Amino acid sequence: MKEELFASGRNIPNIDPSLNIWHWQIPSYLFLGGLAAGILFFAGVFTILGKEEQMPATVKKAPFLAPIALILGLFLLFLDLKHKLWFWQLYTTIRLESPMGWGAWVLMIMTPISLIWSASYLRDFFPSWDWKIKLLKTFEAWVIKNRVLIAWPMVIYSVILGIYTGILLSAFNARPLWNTSILGPLFLVSGMSTGAAVILLMSNNHQEKRIIGGIDILLIVIELFFITHLFMGDKAGSEAQINAVNLFLGGSFTAPFFAFVVILGLIFPALLEIMELRGYKIPIVVPAVLILLGGLIFRFLIVEAGQITKYLY
Amino acid sequence: MRYAMAIDTRKCVGCSDCVVACQTENDVPNGFCRDWVKEVVDGTYPNVSIELRSERCNHCANSPCVRCCPTGASHFEDGGIVLVEHNKCIGCGACIESCPYEARYSHPDGYVDKCTFCIHRVRQGNDPACVCVCPTRCMYFGDLEDPNSKLVNVLKNRKFKSLAPEAGTKPQIFYLL
């Protein structure tokens, strides 16, 4: 039996007995980032495919939420900072090695793109809207003409943004639960699934709901596969990783993870969506809200559990 | 130049003088510490072994904290000392998450703080405060690249280990066994 204690006494706030530096702001920020990435990804892809008219909620309506989510996310990131007045230094430095550094830059690129995208569709919903200044009108006309050109970087950056929400965590070698490359793809797929859920909530076009619903089912299946993959990889890893994954396989995170994320957040809504596609009358709000809640709880649990896990020495 | 430290786990009595010396020297706020003493008890009575370790930032040669810092506040100083520049730190907490040794904490003023190897003393040719006060003289501070230093000598003649080398951080505090 091995026992460790601080002979000198040590009880540093948020560090001892286990790390708790990142609170609710970071998982919420990761959720919002993934959500925006998902929404913008679908908007971009269906624009490139030339399906604006068949997929109105995907391309026109849902993207209005993306800049709101991104700005709110940036605000939460700001709330998390403990030396707030110095936050601008994020944007006076370029540090490619730091995931948080390039994440901040990706957000700085994505937020204006999403704002421009939404603004160009503003007159579709408010026909009387007037941009007043001539320059803005010319710019709007240019954007409307070149949507496919904007859609390409939007799709690419939305994938980077989605993966970044996972890599922010997976880059920490010191936290064995996070330190796996599958976390990037897992967060990307989960973010896309939450984006699809928002589109489902906003759409009133039957055909569009069918397409997005089908994509969402596929995403959920991939996500379940990635979660299994994460657990298998950690289970076959070092002792630190085995201890980490055991938090979810018998440990204190097992019940909330499997109840709220795997069953209520993934399997159950996927079944409801399958039944809906088969013609059963199911209010789409049920699976969509479950997926969104599942995605949010998933990030809370991973961030919380990851901070507990550490190297043993 | 490569500053490092060797700490003799067989001489350390766990008195915590190093902790108090650091707190005094560096004006560490109440309730916080930049170094600490860990007692590891292995086995069950009567077959017990005990190890006392004075721990602090390992000033890793491959520092995850320097790597993940988004503003460059965490950086290497001469001799490989890892420092945090207070006015560049935004308090995002990434470096605290990245440290396998939990050697960093959030200072009440907002920035992240940790052991500096007493760089202000080292630059004047003195040893860090913790090394100076140790009543059993169990700590050796010096330059790994200086073949005549006490540090190199003691590492040559004794078995030693570093903490969690599997984390790939290349820690520069060595524990003599």
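Reminder, nothing fancy here: chain letters follow the sequence lines and each chain counts from 1. These numbers were taken from a predicted model, which means no experiment stands behind them.
In terms of heavy-atom pairs under 4.5 angstrom with chain A, the leader among B:R104, B:E102, B:H107, B:R53 is B:E102. Interface remark: of the candidates B:P70, B:G93, B:P165, B:P70 forms the most heavy-atom pairs closer than 4.5 Å to chain A. Put simply, of B:P64, B:S54, B:A94, B:G14, the one with the most heavy-atom pairs under 4.5 Å next to chain A is B:A94. Ranked by non-hydrogen atom pairs under 4.5 Å with chain A, the options B:C18, B:S106, B:G43, B:G31 are led by B:G43.
The line from OH of A:Y311 to OG1 of B:T169 is 8.5 Å long, rounded to the nearest 0.5 Å. Distance check, rounded to the nearest 0.5 Å: CD1 of B:I90 to CE of A:M100 gives 7.0 Å. To the nearest 0.5 Å, atoms CD1 (A:I26) and CD (B:E97) are separated by 8.5 Å. Between the OH atom in A:Y91 and the OG1 atom in B:T71 there is a gap of 12.5 Å [rounded to 0.5 Å]. How far SG of B:C92 is from CG of A:L90: 7.0 Å, rounded to the nearest 0.5 Å. Annotation: the span from B:C69 atom SG to A:Q89 atom CD amounts to 9.5 Å, rounded to 0.5 Å.
Heavy atoms of B:D109 lying under 4.5 Å from chain A belong exclusively to its backbone. Contacts of B:V19 with chain A are made by side-chain atoms alone, with heavy-atom separations under 4.5 Å and no backbone atom involved.
Sparse packing is recorded around OH of A:Y157, with 12 or fewer heavy atoms of other residues, nucleotides or ligands lying under 6.0 Å away. Counting non-hydrogen atoms of neighbouring residues, nucleotides and ligands closer than 6.0 angstrom, the NE2 atom of B:H120 exceeds 12 such neighbours. For B:K150, the NZ atom is loosely surrounded, since the number of other residues' heavy atoms within 6.0 Å does not exceed 12. Within 6.0 Å of NZ in B:K11 there are more than 12 heavy atoms belonging to other residues, nucleotides or ligands.
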inquiry  = One pair to check against side chain to side chain contact (heavy atoms under 4.5 Å, CB included): A:E4 and B:E39. What are the steps and the verdict?
reply    = CA-CA 6 Å; A:E4 279 189 5; B:E39 183 182 299; over 6 Å; no

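Distance alone, capped at 3.5 Å, places no donor-acceptor pair between the A:W86 side chain and the B:C89 backbone.
Heavy-atom proximity under 4.5 angstrom to chain B picks out A:F172, A:N173, A:A174, A:R175, A:W178 from residues 159-179 of chain A. Below 4.5 Å, heavy atoms of chain B meet heavy atoms from A:F6, A:A7, A:S8, A:R10, A:N11, A:I12, A:P13, A:I15, A:L19, A:I21, A:W22, all part of residues 6-22 of chain A. For a heavy-atom cut-off of 4.5 Å, chain B lies close to no residue in residues 292-304 of chain A.
Under the salt bridge (Lys or Arg N to Asp or Glu O under 4.0 Å) criterion, the residue pairs touching residues 154-168 of chain B are B:D8-B:R158, B:E51-B:K161, with sequence neighbours excluded.
Side-chain contact check for A:Y313 versus B:Y101: some heavy-atom pair is nearer than 4.5 Å.
The shortest non-hydrogen separation linking A:K2 to B:V40 is CE-CG1, 3.6 Å. Between B:C68 and A:S98, the shortest heavy-atom distance links the atoms O-OG, 2.7 Å.
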